[in-house]
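Notes to accompany the following structure.
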Amino acid sequence: MSLFDKRMSKEKKASLDLAESSRQEEWECPSFAARIFQGALEWDLVSPFPEQTAEDKAAGDEFIKKLEVFLKKNLDPDKVDETREIPAEVIKGLADLGAFAIKIPEEYGGLGLSQMNYNRAIHLLGSYCGSTAALLSAHQSIGVPQPLLDFGTEEQKKKFLPRFAEGAISAFALTEPEVGSDPRKMKTMAIPSEDGSHYILNGEKLWCTNGNVADLIVVMAQTPPKVIKGKERTQISAFVVDTKSPGFEVTYRCKFMGLNAIQNGLIKFTDVKVPKENLILGEGEGLKLAFVTLNTGRLTLPAAVGGMCKWALRVARKWANKRQQWGCVIGEHESISSKLSYMAATTFAMDAMTQLVSHMAHAQKCDVRQKKCDIRLEAAMAKLFCTDASWEIIDHAVQIRGGRGYETGPSLTGRGKDGAPLERAMRDSRVNTILEGSSEIMHLFIAREALDFHLQKMKSILDPKVPVMKKLRLVISAGFAYALWYPKLWVPCLGLGGHVSSKRLRRHVKFIKKASKRLAREIFHKMMIYQKKLVSRQNTLNRFVDVGLELFAMAAACSYADSLNKKDGKDKNSVDLADLFCQQAEDRIKKHFKDVHHNYDKTSKAVAKKLLADEYEWLENDIIK
Ligand SMILES: Cc1cc2nc3c(=O)[nH]c(=O)nc-3n(C[C@H](O)[C@H](O)[C@H](O)COP(=O)(O)OP(=O)(O)OC[C@H]3O[C@@H](n4cnc5c(N)ncnc54)[C@H](O)[C@@H]3O)c2cc1C
């Protein structure tokens, strides 16, 4: 609690307190992104760019080929969109392929494929049918398999995992009508029975993807509070709930702007008996479980949107080469060509980031030569960067297709034209910046983890309960640490900052090194100025996060292009893409740095305050209310 600004409301402090107590505190392995925020470029954590082993790739190739053949033959995404249903025989066919047990080890009946191969499968689906990608990814990235693989007991794994190999569907239920990004007000309760053999579950969950058709759901619920260090603490726990249990019901199916076929609505638990063996990890560990599960779970969205962006790029490229207006193909008009090159360069960076973090996630769990990294920041950054960028990319693709971008796929095919359903892709992709951590919450999460380096040093110093003498010792030791660290941020970057083969890329790697030092300095200065109040200055924190995000994306793009460049053949032009991406990212970074000092945050805040106080209601005139 000691880190929170005094002016914060009690409610806000309580929410932050819960999030803080569920945070994974330890950093057992290094994090490339965390070091960027501290002013250090640890190039060897991202280079040489990791590659799949031949054996792993071959295993993935075989499954992905089968999946592609199956999808092309059996699944019509426009029909799925129109009917709001994925046909039962398609779901059965996917189950027969093992698509509901991609990462589940063979000993439990699954395919036993790696994180990279799983992501490749979702990437393929993302390029074809958003609803089917959501079905498989909600099931495997956040649904029952992932938390059980990470935290389940052997008994739990033996009991539940083989069911997924047979096609059982799962879901993850955290959200409630009053619980969106902030889980503190969770009303779903799991109360232990008198004999301790089970929990009684009561409550309602909203928008749980697959929830309406799932066989098993990971449900987050409040268990009785515990007194920890003299204070009553809310306990959120995670349970595997069998939807065949008496008292479980689906009360409503929601319809959305896109992802029309997802089975998602309101589900209700009335005195549902959940065996105590179905508690995962332990009472009060539910949010931590959700956070850690999401570290790898969050990589699925970047993979899915990466597939969609590559498809959109292909549609836009072909159209820009074919459509003639004003005497030439539209791709020759600079306004269109710059959109195309932005799309290509950004898609390349997204791909680099997703592959890099997927390899890091794989290395974390397996015995491979690559260094083990803490990926909490990198996965969150990949989610934030890729979902935000993909929205811009799809918007550009729609613009390039003009009226045909706005027309639906079935309408285009209905008049004998190539469908290229960008309209559906746009609807399907909009939710990606909202779910699995909205972009705003991802900024806060990344800022919290990025500041941990400082907060760890300051926490006890700022805590009024720590005795003065201890504080003094802490101040001295923090002073020493900063005295060694801070001057390094001013040392000019003389080295190349990484062994990259291309001169053009070397320049960018040098920029990353220099800019990360500036980022660390700026963060430190603002921390000194605002202290606890910095937590409430979201715009300032967001700018820092966005700089870190761009630097990480640049590093991934440079390392990936460097590895492709070293190989022979067609991949050599990857340097052009990384070079363009980095030039554009550098521009954005310079703007963020400038905005840290020169901005209109005050005016904007004042207008918003008046707006929320209804003072500008007059502006909403002449409309149908
Ligand atoms: C299609 C779909 C599928 C979903 N699937 C699942 C699922 O499988 N399981 C599940 O549990 N949930 C699921 N959700 C719920 C999803 O995770 C939530 O929508 C998300 O957590 C945001 O919650 P909310 O919509 O209530 O928004 P709110 O939390 O009410 O937020 C509204 C807006 O305020 C912003 N905001 C909130 N707090 C802050 C803050 N402190 N600072 C700055 N900005 C803030 C948010 O970013 C957002 O822009 C799904 C939702 C949809 C639409």
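Quick note: residue numbers are just sequence positions, from 1.
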Test item: Met220 and Pro183 side chains (from C-beta on) under 4.5 Å apart, heavy atoms: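 Not in contact.
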Measure the shortest side-chain to side-chain distance between Leu519 and Ile36 over non-hydrogen atoms and say whether it is less than 4.5 angstrom. yes
Take Lys268 and Lys205 through the test side chain to side chain contact (heavy atoms under 4.5 Å, CB included) and record every step on the way to the result. CA-CA 6 Å; Lys268 200 170 167 194; Lys205 292 284 177 184; over 6 Å; no
What I want to find out is whether [X] reaches [Y] closely enough, with some N-O distance under 4.0 Å, to be called a salt bridge.
X	Y	result
Glu85	Arg253	yes
Glu11	Lys185	yes
Glu449	Arg23	yes
Arg424	Asp78	yes
Glu522	Lys526	no
Glu407	Arg401	no
Lys591	Asp587	no
Asp351	Lys310	yes

Within 45° of the axis and under 6.0 Å from the centre of the six-membered ring of Phe593, does NZ or CZ of Arg518 qualify?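 Cation-pi check for Arg518 and Phe593: passes.
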For atom [atom1] of [X], decide whether the heavy atoms of other residues, nucleotides or ligands shown that lie under 6.0 angstrom number more than 12.
X	atom1	answer
Glu204	CD	yes
Tyr252	OH	no
Gln24	CD	yes
Ile624	CD1	no
Arg314	CZ	no
Met257	CE	no

Approximate separation, where rounding is to 0.5 Å, of [X] [atom1] and [Y] [atom2]:
X	Y	atom1	atom2	answer
Leu313	Thr347	CG	OG1	5.5 Å
Phe511	Gln583	CZ	CD	11.0 Å
Thr209	Ile142	OG1	CD1	6.5 Å

Could you tell me which non-hydrogen atom of Cys386 sits nearest to which non-hydrogen atom of Val305, and how far apart they are? O-CG2, 3.7 Å
Minimal non-hydrogen separation, Ala221 against Leu201, with atom names: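 Minimum heavy-atom contact is CB-CD1, 3.7 Å.
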For the backbone of [Y] and the side chain of [X], can you confirm whether one donor and one acceptor N or O come within less than 3.5 Å of each other?
X	Y	answer
Glu378	Ala33	yes
Thr346	Tyr342	yes
Thr243	Ala214	yes
Asp428	Leu259	yes
Asn260	Asp81	yes
Ser141	Ala138	no

How about Thr223 and Ser237: does a side-chain donor come under 3.5 Å of a side-chain acceptor?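 Result is yes, a qualifying pair exists.
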Side chains of Asn542 and His592 only: does a donor on one sit below 3.5 Å from an acceptor on the other? no
Would you please classify the geometry between the Phe385 ring and the Phe581 ring as parallel, tilted or perpendicular, with 30° and 60° separating the classes? perpendicular
Gln222 and Thr234: CA distance, side-chain angles, deciding distance, side-chain hydrogen bond (donor to acceptor under 3.5 Å, both in side chains) verdict: CA-CA 7 Å; Gln222 270 207 52; Thr234 304; 5.0 Å; no
The residue among Thr188, Thr270, Asp271 that forms side-chain hydrogen bond (donor to acceptor under 3.5 Å, both in side chains) with Asn202 is Asp271
Can you list the steps and then say if Leu301 with Ile122 is a side chain to side chain contact (heavy atoms under 4.5 Å, CB included)? CA-CA 8 Å; Leu301 272 179; Ile122 299 295; over 6 Å; no
Taking side-chain contact (heavy atoms from CB on, under 4.5 Å) as the definition, give me every residue that meets it alongside Ala520, ordered by chain and number, with sequence neighbours left out. Trp485, Leu489
Determine, step by step, whether Arg298 and Val357 satisfy the side chain to side chain contact (heavy atoms under 4.5 Å, CB included) criterion, reporting the C-alpha distance in whole Å, the side-chain angles of both residues, the deciding distance to 0.1 Å, and the verdict. CA-CA 10 Å; Arg298 277 206 186 100; Val357 190; over 6 Å; no
Suppose we screen for ring pair (Phe, Tyr, Trp, His ring centres under 6.0 Å). Which residues come up paired with Phe269, at least two apart in sequence or across chains? Phe248
Could you walk me through whether Val545 and Met442 satisfy the side chain to side chain contact (heavy atoms under 4.5 Å, CB included) test, starting with their C-alpha distance in whole Å, then the side-chain angles of each, then the deciding distance to 0.1 Å, before giving a yes or no? CA-CA 9 Å; Val545 167; Met442 286 291 90; over 6 Å; no
